[in-house]
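Working notes, beginning with the structure itself.
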Amino acid sequence: VGQGSVEVLGRSYPRDDFTNVTAKVLAKVGRNLHNQPHHPLWLIKERIKAHFYSSYIGRWGNPLFSVHDNLSPVVTTEQNFDSLLIPPDHPSRKRGDNYYLNRNTMLRAHTSAHQRELVRSGLDAFLLAGDVYRRDEIDSSHYPVFHQIEGVRLFSNHELFSKVQNGEELSLFEGGGRRTPQKQETHSLEAVKLLEFDLKLTLTRLVTHLFGEDVEIRWVDCYFPFTHPSFEMEVRFQGDWMEVLGCGVMEQELLNSAGAGNKLGWAFGLGLERLAMVLYSIPDIRLFWSQDERFLKQFRVQDVHQAVCFQSLSKYPPLHNDISFWLPEGGESEAGREGFTENDFYELVRSIGGDLVEKVSLVDEFTHPKTGRRSQCYRIIYRHMERTLTQQEVRLVHEQIERSAESELGVQGRY
Ligand code: PHE
């Protein structure tokens with residue numbers, strides 16, 4: 001313990017100029033909502049497992065996909081980024097978007113951080129569930145901790161082509177190829193098309209299993225450094241298209257580095273909270289952390305396939321309070337630090353207001369015509385999930401935020 005180090009899951013990590021984890025976030029590490037029986041995230045994980053166990057059976061009657069849900073969320077930056085071919089200067093590494101224990105260690109930002117180690121350990125098909133951590137904006141669908149399920153499946157030449165007539169004559173790889181929007185340079189087009197078909201079929205069946213036959217799905221092309229081609233699946237929900245997962249054909253360089261260079265693979269990563277919020281009409285992401293029996297008891301079904309009919313708890317009234325300040329002046333500071341970012345303020349609000357804060361939005365920005373100083377105004381919406389807040393308790397929290405913004409972020413209050 002102490003100033004010099006951060007304690008997580010019984011281990012100690014030396015602090016350095018990258019350290020930015022907060023006590024509030026560290027308190028969530030180890031909660032493992034996805035492993036708490038009858039928690040809604042656990043319930044969705046179990047339904048996904050059950051679907052894969054019953055739909056994909058190996059030659060000896062064994063489940064094809066193995067399931068891993070106990071890997072530590074503390075990973076190296078090498079695992080979270082480098083192992084996935086994310087370049088050293090990639091924006092996703094920003095200190096402002098991640099929780100670093102120090103320069104080399106972080107709370108994983110996605111379950112993809114484990115792809116390479118699990119492939120290297122010899123697995124050909126696996127699901128991996130876990131908690132992931134990102135510094136982000138604050139509203140009813142964003143929270144600094146959420147949960148993902150990663151899926152990976154590898155195919156040998158025989159596995160991919162054995163169902164195709166005369167498939168033995170096809171091959172996964174071809175020399176002298178070029179990278180195109182359809183495929184990577186070393187892949188054959190026929191292999192990639194079959195793989196893409198299998199990936200989309202697998203995910204369409206999964207989402208149909210979860211949402212029912214009537215669900216509307218569409219595929220959108222996108223980009224990830226560790227897959228190509230890459231896609232996002234969107235599901236139509238209350239009239240809007242909502243992104244539920246990212247996926248694609250794994251970069252061959254990743255498989256080569258994991259000792260599986262003779263195979264091709266697909267991977268996907270889906271967010272459990274997103275699915276649960278839609279499936280059960282849960283209105284606010286903070287509810288997943290609620291200990292309130294009126295919330296939790298609704299998910300205590302006998303059988304994971306039994307329908308849950310979630311009765312939304314009536315929401316208690318919100319209170320809102322604005323905060324305005326002048327941003328710190330001055331140019332670039334020390335290496336590795338960006339100047340004031342909006343995420344720094346969101347993080348500070350989170351660390352003081354905790355789950356009382358429902359939403360923070362930037363409502364006004366202003367540059368003084370003479371001095372050129374910039375000022376911002378944020379609106380903070382406070383709401384408790386389980387009771388009505390009083391003006392006094394909100395004022396105490398709000399004043400503490402005002403003071404800390406000045407002392408920790410170097411802003412000058414216009415309070
Ligand atoms: N890791 C990606 C994310 O968190 C999702 C993803 C997983 C994309 C696997 C492609 C393959 O957004």
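Throughout, residue positions are numbered sequentially from 1 according to the sequence presented. Every number for a ligand or one of its atoms is a count from 1 in the order of the listing.
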Ligand-residue contact atoms, ligand 1 with Cys247, heavy atoms, under 4.0 Å:
8 (C), 10 (C), 11 (C)
Nearest-neighbour protein heavy atom for atom 6 (C) of ligand 1, which is reported as residue plus atom name and distance
Gly246 O, 3.7 Å
For ligand 1, is there an N or O atom under 3.5 Å from any N or O atom of Thr227?
no
Report the member of Ser92, Ala109, Ala267, Gly271 with the shortest heavy-atom distance to atom 11 (C) of ligand 1.
Ala267
Under a 4.0 Å threshold between the charged nitrogen and the carboxylate oxygen, would Arg286 count as salt-bridged to Asp284?
yes
If we check side-chain contact (heavy atoms from CB on, under 4.5 Å) with Ile380, which of these qualifies: Val349, Asp322, Val397?
Val349
Salt bridge or not for Glu347 and Lys24, using N-O below 4.0 Å?
no
Holding to side chain to side chain contact (heavy atoms under 4.5 Å, CB included), I want the full list of residues that pass it with Glu169, two or more places apart in sequence or in another chain.
Asn166
Using the ring pair (Phe, Tyr, Trp, His ring centres under 6.0 Å) rule, take Tyr280 and Phe299 through it: C-alpha gap first, then chi angles, then the decisive distance, then the call.
CA-CA 10 Å; Tyr280 305 129; Phe299 301 97; 5.3 Å; yes
Can you classify the ring geometry of Phe325 versus Tyr378 as parallel (below 30°), tilted (30 to 60°) or perpendicular (above 60°)?
tilted
Is Gln148 close enough to touch ligand 1? Criterion: a residue heavy atom under 4.0 Å from a ligand atom.
yes
Using a strict cut-off of 4.0 Å, indicate which atoms of ligand 1 neighbour a heavy atom of Gly269.
6 (C), 7 (C), 9 (C)
Candidate with minimal heavy-atom separation from atom 3 (C) of ligand 1, of Arg134, Glu150, Glu232:
Arg134
Atom 1 (N) of ligand 1: closest protein heavy atom, distance to 0.1 Å, is Ser112 OG, 2.8 Å
Please, which pairs that meet salt bridge (charged side-chain N to carboxylate O under 4.0 Å, His left out) have at least one residue in residues 140-163, sequence neighbours excluded?
none
Using heavy atoms and a threshold below 4.0 Å, how should the contact between Phe226 and ligand 1 be classified: side chain, backbone, both, or neither?
side chain
Residue part near ligand 1, for Gln115, under 4.0 Å between non-hydrogen atoms:
side chain
